[in-house]
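What follows is one structure encoded as structure tokens, with my remarks underneath.
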2 protein chains.
Amino acid sequence: MTNQDNAPARDGEASGAVETAYRFIRTAIISGDLASGETLQESRLAERIGVSRTPVREALSRLASEGLVVLERYRRGQVASFSMADVAEVFRLRGKLEGHGARRACRRISADDIARLEAVEDEMEAVFAELGWHRHLSRFDELNNEFHAIIARAADSPRLEKILASSLELPASIFNHYIEPVDERTRRTHRQHREIIAALKARNPDWAEAAMSAHLFSILNDPAPDPE
Amino acid sequence: MTNQDNAPARDGEASGAVETAYRFIRTAIISGDLASGETLQESRLAERIGVSRTPVREALSRLASEGLVVLERYRRGQVASFSMADVAEVFRLRGKLEGHGARRACRRISADDIARLEAVEDEMEAVFAELGWHRHLSRFDELNNEFHAIIARAADSPRLEKILASSLELPASIFNHYIEPVDERTRRTHRQHREIIAALKARNPDWAEAAMSAHLFSILNDPAPDPE
DNA sequence: GTCTGGAGCCTTGTATACGAACTTGCACGG
DNA sequence: CCGTGCAAGTTCGTATACAAGGCTCCAGAC
């Protein structure tokens, strides 16, 4: 399908076909549009996206290296499946790595970024207060990702950022499947985010690391047995 | 059951031009055959390896996602360059992650694997005692990598293993460029490896984690980083 | 009825063709 | 002499063609 007429659509990103395919498939997996275990046929995807198989193959290869897709030689690819053990592993590693990131961010984060963190957290709480979880799950996830991304960025460690973004991301649907988004957990998340912000403001590396690690480790033990 | 008997014992490698290209280029970079900053021409590599450009492209793409190659749209790729800051970052992250891995390995590693660790360390020391660093650098690096790989494997965390293998590996030439392999450091490495083995034998997670982290963090403060 | 085997279709893997974008180098003007 | 701009050449990005290997499903035997 020759589609070279369209003006530089939304210039935003590289106008490459491989990037288009990558974003398309990745978004579909993260959002749950493509479910775990679903088969991925190159020609089918190519037609759907409007490019040829070549960039689709490259996109699938990247996604496979990120762990979101499983490829086997001469067999159709599939969307990766995640067990509870996978989720636990991801949060253990994120706890370690983001804790390290928060420690470093302590000494580096700008006042502007701290303000952004507070704004993001304000909005998360507002969204939750107004509509509760179920109506705004995707917006909530988006804000949560931004919260963590701001801190990871402030850690000034490109490899840390890359690992978090590319090797330790799970489809939102998986997360919400294994870990019920109960109100109590959400309230705990808010308390923890506020504590992380406080630690960063105080420029206390030990506190920041511990608070961030605790935040991530705690997620696995939900719904909270001991409400403080 | 498919009865594909007498398959070549060494499965895996012969299959695939992309794997061939990937191994070829990666090995060349790690070994220093392809130096930092050197340009990578797809057609040239394809001819050299004996495949077409397609698998070479895919191999380069994977290497780029691992950080060993830098690709820019419509520009020739290059072997990535690493600053002292990059080396430091890698060892900080490895310290954290491998420390975590050693902690987990404590409770999981088999007696066989501990024996293998000791055998590997024995050989490292023998190689060093007989010939010193300069004659056996590559064998030494190989053994060192195996030492760390055994522990990472024993941690039973596939993502941890993958991250260590694909996102936190540096060309040996880079390492040996920034961090002079002096005898004193080598002796310290031996002491630290022995301590790590002892901690694993004792099944003491705190000790194992601390010993492994210390080992990796210590590398950066050897004799004196040579700025360049 | 169930198992086995194989033929044909389907999907993936690799090579090649073609168009788009950068680079190089020279000409020309300041 | 040096900088600018155009044009040819080179390299990359994408599409398409062809080859190699699985999968399906039906026929035949036990």
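Letters A, B, ... are given to chains in the order of the sequence lines, protein chains preceding strands, and every chain is numbered from 1. All values below come from the heavy atoms of this structure, side chains included, with hydrogens, waters and symmetry mates left out.
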Is it the case that atom CZ in A:R159 sees more than 12 heavy atoms from other parts of the structure closer than 6.0 Å?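 More than 12 within 6.0 Å, yes.
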B:E47 atom CD, over 12 foreign heavy atoms within 6.0 Å: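 At most 12 heavy atoms, drawn from other residues, nucleotides or ligands, come within 6.0 Å of this atom.
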Nearest-Å distance for atom pair [atom1]/[atom2], residues [X] and [N]:
{"X": "B:Q78", "N": "D:dT11", "atom1": "CD", "atom2": "C1'", "result": "14 Å"}
{"X": "B:R44", "N": "D:dC12", "atom1": "CZ", "atom2": "C1'", "result": "16 Å"}
{"X": "A:E47", "N": "D:dA15", "atom1": "CD", "atom2": "C1'", "result": "15 Å"}
{"X": "A:L60", "N": "C:dT11", "atom1": "CG", "atom2": "P", "result": "15 Å"}
{"X": "B:E42", "N": "C:dT16", "atom1": "CD", "atom2": "C1'", "result": "14 Å"}
{"X": "A:R53", "N": "D:dC18", "atom1": "CZ", "atom2": "P", "result": "14 Å"}
{"X": "A:L45", "N": "C:dT11", "atom1": "CG", "atom2": "P", "result": "12 Å"}
{"X": "A:R57", "N": "C:dA15", "atom1": "CZ", "atom2": "P", "result": "11 Å"}

Closest listed nucleotide, where the reference is the side chain of B:Y74 and the choices are C:dT11, C:dT14, C:dA21: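 My answer, after comparing the listed nucleotides, is C:dA21.
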Select one nucleotide: of D:dT14, C:dT11, C:dT12, the one nearest the side-chain heavy atoms of A:T54.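 The answer is D:dT14, which lies nearest to the side chain.
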Run the numbers on A:E98 and A:E209 for side chain to side chain contact (heavy atoms under 4.5 Å, CB included), then give the verdict. CA-CA 8 Å; A:E98 293 200 40; A:E209 175 169 11; over 6 Å; no
Counting the atoms with a prime plus P, OP1 and OP2 as sugar-phosphate, which does A:R73 contact under 4.0 Å by heavy atoms, base, sugar-phosphate, or nothing?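 The answer is sugar-phosphate, as A:R73 gets under 4.0 Å only of primed atoms, P, OP1 or OP2.
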Considering every strand and a 4.0 Å limit on heavy-atom distances, what is the contact class for A:L40: base, sugar-phosphate, or nothing?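 The answer is sugar-phosphate, as A:L40 gets under 4.0 Å only of primed atoms, P, OP1 or OP2.
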Suppose we call a contact any N or O donor and acceptor under 3.5 Å apart; does that hold for the side chain of A:R75 and the base of C:dG13?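 Donor-acceptor pair under 3.5 Å: no.
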Between the base of C:dT12 and the side chain of A:S43, is one N or O donor paired with an acceptor at under 3.5 angstrom?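 Absent.
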Can you confirm whether or not the ring centre of B:Y178 sits under 6.0 Å from the ring centre of B:F91?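 No, ring centres 6.0 Å or more apart.
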Can you work out whether A:R76 or A:E58 has the more 5'-proximal nearest nucleotide on DNA chain D?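 In this pair, the answer is A:E58.
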Can you tell me how the ring of A:H193 sits relative to the ring of A:H148, calling it parallel under 30°, perpendicular over 60° and tilted otherwise?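 Perpendicular.
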